[in-house]
Participant: 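First the structure, which I've put down as structure tokens, then a few questions once you've had a look.
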Amino acid sequence: MAWITWKRVIEAGLDGEPEYVERAKALVAFHPECAAHNRRLVALRAGVAAVAREETIGDAQFPAFMAGVWEGIEAPQRSRPGFWAAFSLVAAALVAATAMGYILLGGPEPVNATEVEYVGTDLEDATVDWYNSSNGVVTIQVNMQDDDL
Amino acid sequence: MLFAAWSIVLAVVAAQPAPAKTVSFSVWAVHASHEDRPSPYFDEGLDAIRGILEVLPFFNTYREVYNKQCELQANSDRKTSETMQLDDRYTLSVTLNSQEADGHVRLELRVEAASKTKGEPPVRVLTTRLRMKPGEMAAVRGLRRGSTETILVFRCDPKK
Amino acid sequence: MDVPREPVLRYDSVPMDKGRLENPGEVRSAEDATLVEWANAGNAPAFEELVRRYRNEVFALSYHFVRQRDTAWDISQEVFIKAYRSLRWFRGDAGFKTWLMRIAANQCKDHLKKRRLKTASLDERIQTEMPSSIERPDEALEARELGQAIERAVAALPAKHQVAFVLREYEGLSYDEMARVMQCSPGTVMSRLHHARKKLQHALVSMGVMEDV
């Protein structure tokens, strides 16, 4: 368990997280296993940097890109001029009918869309994740070691 | 156009839900284990949440150890939080932080575990903040208990 | 219920009251929060400026997932369309860029899931997909060959680990920024990065492109 913790400290130090930089340096300087882990991370990063390409949408391409965005935004919103008066009447009637339906029938079944705004744990070396299970229920998963408590 | 305007006003007024003063929550704690049996077993009291438990891997035996309904109010002098002892190890605290006009509630769940060392304070295993609507559910997994697991199922109860 | 009004975009006509601009330079120099406010009021140039500012961040992130320009282009456009539709919900507690990257990361994850990338067995994927021309050297391979192997291995990671690795290694986000994008705690960010790196190293050692220390 302790070994996993030190690996994460080294990783966080290499990632430049201020809280971990000095601790990571000390570990790498004094422990061969930590130094080896650090070397592997550095090699991984060097590999990423070697093939990283700066993929961009240049200024010349931007008008075409933006045109596609407008198209996606505006397409469902299109309404024909001259149609608006009759359309608004029908829309208003539909809204009124739906509202009465909510009052009388109590509305549709709620769709499960619980939002997880925060997860955390005080257990060292435990982590918390969350996901939507196959039946749509939000599941918060605590990953703890056997002797964490 | 007058009819349209009046319909819109009527719809807006009708769509305003009466703000709920009290929010009801249901909590289940289930001990999940894997036993030598030909088919999965569920305690009778778990019918309401069986669908959630069935999809969980690893376990085939589910025993209800706790079930309670509580009522909380947000931003009031009355009860905004409640603490429940789920089993011999875990406690759950629920705090209702706020209630929105459309029925959504914001709440905080905290799960603490009794320390194995006598005299030590409990350990905060989980803190989570959720935004839910009546009828929605959430589950908490991973609360270890030896070879079994305490599964917590939490529901913001539908409005009556 | 107070339903925010979806802004009616006007591109050719005079901007609406709230978004009335004295000169186009005002858009270029405006802060993100101001542009969001103007865009919400129906000001098309304001929204276009937001797209102009962040198109490359979104495109780069998308490309790192799908590795094809055409697909990354489509995903990026979808991200901005979604962002426009969600502008009224933008609360401003996280910066606009962070909020946008969150949409982008989710869009990329959805795309990966639709493509049904198998994530159960990373080793199997590597063995079936790696070209046989890469042999097991005695010494470490050059960084470029390692990089290509990494790209394939990253593509085989579970979605949430892939998101974490891409945001850190390709986008250079801090743990706090990643936590806001991924909507989890910094601790969870650390954990996902750790697992991603562990799986990658294991796969790369199996392929013989990295030393087993």
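All chains are named by letter (A, B, ...) in the order of the sequence lines, taking the proteins before the strands, and each is independently numbered beginning at 1.
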Participant: Nearest 0.5 angstrom please: A/Glu115 CD to B/Arg106 CZ, how far?
Facilitator: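 The CD atom of A/Glu115 sits 7.0 Å away from the CZ atom of B/Arg106.
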Participant: Could you go through A/Val137 and B/Ile52, starting from their C-alpha distance and side-chain angles, then the distance that decides it, and tell me whether this counts as side-chain contact (heavy atoms from CB on, under 4.5 Å)?
Facilitator: CA-CA 7 Å; A/Val137 170; B/Ile52 294 172; 3.9 Å; yes
Participant: Among B/His104, B/Arg124, B/Arg110, which has the most heavy-atom pairs under 4.5 Å with chain A?
Facilitator: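 If we count pairs closer than 4.5 Å to chain A, B/Arg124 comes out on top.
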Participant: If we define contacts as heavy-atom pairs under 4.5 Å, which of B/Cys156, B/Pro122, B/Gly142 has the most with chain A?
Facilitator: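 Maximum pair count with chain A is reached by B/Gly142.
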Participant: Contact between B/Leu126 and A/Thr121 at the side-chain level, heavy atoms closer than 4.5 Å - yes or no?
Facilitator: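 No, side chains not in contact.
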Participant: Consider side chain to side chain contact (heavy atoms under 4.5 Å, CB included). Of B/Val140, B/Leu109, B/Thr128, which one does A/Val119 pass it with?
Facilitator: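 Answer to the side chain to side chain contact (heavy atoms under 4.5 Å, CB included) test with A/Val119 among B/Val140, B/Leu109, B/Thr128: B/Thr128.
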Participant: What are the two closest non-hydrogen atoms of B/Val123 and A/Leu123, and how far apart are they?
Facilitator: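 Of all heavy-atom pairs spanning B/Val123 and A/Leu123, the closest is CG1-CD2, 3.3 Å.
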Participant: Please check if the side chain of A/Thr114 supplies one atom and the backbone of B/Glu136 the other of a donor-acceptor pair under 3.5 Å.
Facilitator: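 Side chain of A/Thr114 to backbone of B/Glu136: no pair is present.
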Participant: First locate atom CG of A/Asp122, then atom OG1 of B/Thr127, and finally report the distance between them rounded to the nearest 0.5 Å.
Facilitator: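 These two atoms lie 6.0 Å from each other.
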Participant: How many angstroms lie between CD in A/Glu117 and CZ in B/Arg131, if you round to the nearest 0.5 Å?
Facilitator: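 So the gap between those two atoms works out to 7.0 Å.
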